[in-house]
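The structure under discussion appears below in the form of structure tokens.
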Amino acid sequence: MIIELNENSSNIKKYNFELTSDPIIFLETVSKKIICEIIGYYNDFGENPLQFRERTLTSVIFPALLKSSKRAATELYYYTESKEKVNFLDYYAMDELRENAYLIEVKHLFLHNNESFRKHYEDKWIELEEQFKKLKKKDVNNYIDSNKNIYAISLAIIVPWFYSEKEKSIDYYKNYVKEKFNPDWLYTCDLRESDVYKIEFPDKDIYCPWIIFTGRIKTIETAKINKKF
């Protein structure tokens, strides 16, 4: 699969993102690395990390970022303009050439067996949107190196799950997510040939045939000088 861009997205239009843009290539690379880490996590621990919350997914997201960038960090703090409350950025990554910095907020959502997002996960998307909106130039410049191109990314990791193997096509769920959230970008992966496809429980098994990465992206600042040090 290749990453898809929403051509009608205001962010994609405003910042002229294309499939060959560095931030989009980064997103696709990280998505693929996360999938590799999910499989590796299962092989090493015998558990599917997708069945847990995003705190557990740190164990696959952070290694994926380390393998996709020169430097990665978690829980970086910054204040908004009011300085009333400290904020903690989920993830930071700097590319191999030290030219681009990525500020990343993450949420883990489940697309339930009844083929819809329950309110809890709709609220998590709204919360992710608010976190994304808070990432502004005037707020991050005092805390994050501004001698680079800085991009903000929201990453929703969506797992459709079912009680049987009789699923609709992935296109059905991709379209559902697009219509529900109107994201800027989307990347999907088929898990049906992997060990994480089926989660066994004592009373009932659950099937996770796909994983959907989606969210928003924007340019916070374009570097005036690209320092290499």
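Since the model is a prediction, treat every value here as computed from it, not as a measurement. Worth knowing before you read on, the calculation uses all heavy atoms, side chains too, and leaves out hydrogens, waters and symmetry mates.
Remark: aromatic rings of Tyr102 and Tyr151 are close, center separation under 6.0 Å.
One finds the OH atom of Tyr187 at 13.0 Å from the CG atom of Leu155 (value rounded to the nearest 0.5 Å). In this structure, OG on Ser21 lies 8.5 Å from CD1 on Ile217, to the nearest 0.5 angstrom. Here the CD1-CZ distance, from Ile170 to Arg192, works out to 8.0 Å after rounding to the nearest 0.5 Å. Between the OG atom of Ser69 and the NZ atom of Lys33 there is a distance of 10.5 Å, given to the nearest 0.5 Å. In this structure, NZ in Lys14 is found 11.0 Å from OG in Ser9, a value given to the nearest 0.5 Å. We find the OG-NZ distance between Ser68 and Lys32 to be 11.0 Å, quoted to the nearest 0.5 Å.
Of the candidates Trp161, Tyr207, Tyr42, Tyr207 is the only one forming a ring-ring contact (aromatic ring centres under 6.0 Å, His included) with Tyr197.
Side-chain atoms of Asp184 and Asn6 form no donor-acceptor pair, as typed in the model, at a separation below 3.5 Å. Neither side chain, Tyr173 nor Thr188, offers a donor N or O lying under 3.5 Å from an acceptor on the other.
With His108 contributing its side chain and Ala156 its backbone, the two residues share no donor-acceptor pair below 3.5 Å. Panel note: side chain Asn100, backbone Asp95; no donor-acceptor pair is recorded below 3.5 Å. Counting only distance, with no hydrogens or angles, the side chain of Thr214 and the backbone of Pro183 share no donor-acceptor pair below 3.5 Å. Between the side chain of Thr219 and the main chain of Glu221, no donor-acceptor pair closer than 3.5 Å is present. With hydrogens and angles ignored, the 3.5 Å screen pairs no side-chain donor or acceptor of Asn182 with any backbone N or O of Lys178.
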Evaluate Ile104 against Phe26 for side-chain contact (heavy atoms from CB on, under 4.5 Å), listing each step before the verdict. CA-CA 12 Å; Ile104 308 167; Phe26 173 80; 4.1 Å; yes

Could you please spell out the steps behind the side chain to side chain donor-acceptor pair (under 3.5 Å) verdict for Tyr91 and Thr58? CA-CA 9 Å; Tyr91 300 95; Thr58 301; 3.1 Å; yes

Are Lys133 and Glu129 close enough, and set up right, to give a salt bridge (Lys or Arg N to Asp or Glu O under 4.0 Å), and what steps lead you there? CA-CA 6 Å; Lys133 291 176 182 177; Glu129 293 273 67; 5.8 Å; no

Could you go through the side-chain contact (heavy atoms from CB on, under 4.5 Å) check for Glu99 and Met94 one step at a time? CA-CA 7 Å; Glu99 294 178 349; Met94 177 175 60; over 6 Å; no

Between Leu5 and Leu19, is a side-chain contact (heavy atoms from CB on, under 4.5 Å) present by the stated rule, with each step listed? CA-CA 7 Å; Leu5 299 182; Leu19 291 176; 3.9 Å; yes

Apply side-chain contact (heavy atoms from CB on, under 4.5 Å) to residues Asn48 and Gln51 and explain how you reach the verdict. CA-CA 6 Å; Asn48 185 342; Gln51 71 190 75; 3.6 Å; yes

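At least one cation-pi condition fails for Lys218 and Tyr15: the charged atom is not both under 6.0 angstrom from the six-membered ring centre and inside a 45 degree cone around its axis.
Considering only heavy atoms from C-beta on, Tyr41 comes within 4.5 Å of Thr56 through its side chain. Counting heavy atoms from C-beta on, the side chains of Lys107 and Ile157 never come closer than 4.5 Å. Residues Asp90 and Thr74 form no side-chain contact, since every pair of their non-hydrogen atoms from C-beta on lies 4.5 Å or further apart. Ile25 places none of its side-chain heavy atoms less than 4.5 Å from the side chain of Ile3. In this structure, the side chains of Trp185 and Phe213 come closer than 4.5 Å at one or more pairs of heavy atoms. Under the 4.5 Å side-chain criterion, counting only non-hydrogen atoms from C-beta, Leu89 is not in contact with Glu75. By the 4.5 Å heavy-atom criterion applied to side chains, Asn149 and Ile220 are not counted as neighbours. No side-chain heavy atom of Ile35 sits under 4.5 Å from any side-chain heavy atom of Glu37.
When the side chains of ILVMFWY residues are joined at heavy-atom separations under 4.5 Å, either directly or via intervening members, Ile2 and Ile34 end up in two distinct hydrophobic clusters. Hydrophobic clustering keeps Tyr92 apart from Phe132 (ILVMFWY residues linked when any side-chain heavy atoms are closer than 4.5 Å, directly or through intermediates). Taken together through direct or relayed side-chain contacts under 4.5 Å among Ile, Leu, Val, Met, Phe, Trp and Tyr, Val196 and Phe45 form part of one hydrophobic cluster. Cluster membership for Ile126 and Tyr176, using ILVMFWY side-chain heavy atoms within less than 4.5 angstrom, is not shared.
Ion pairing between Glu130 and Lys134 fails under the 4.0 Å rule for side-chain N and carboxylate O. Under a 4.0 Å N-O distance rule, the pair Glu122/Lys180 qualifies as a salt bridge.
Annotation: Glu96, atom CD; neighbour count of heavy atoms from other residues, nucleotides and ligands within 6.0 Å is above 12. The number of heavy atoms from other shown groups lying within 6.0 Å of NZ (Lys124) is above 12.
The aromatic rings of Phe162 and Trp210 stand perpendicular to each other, their planes meeting at an angle above 60°, with 30° marking the opposite boundary. Ring pair Phe110/Tyr121 is perpendicular by interplanar angle, where above 60° counts as perpendicular and below 30° as parallel.
The minimum heavy-atom distance linking Phe17 with Asn11 is given by the pair CD1-O, 3.9 Å. Closest non-hydrogen pair, Asn8 versus Lys13, comes out as CA-CE, 3.9 Å.
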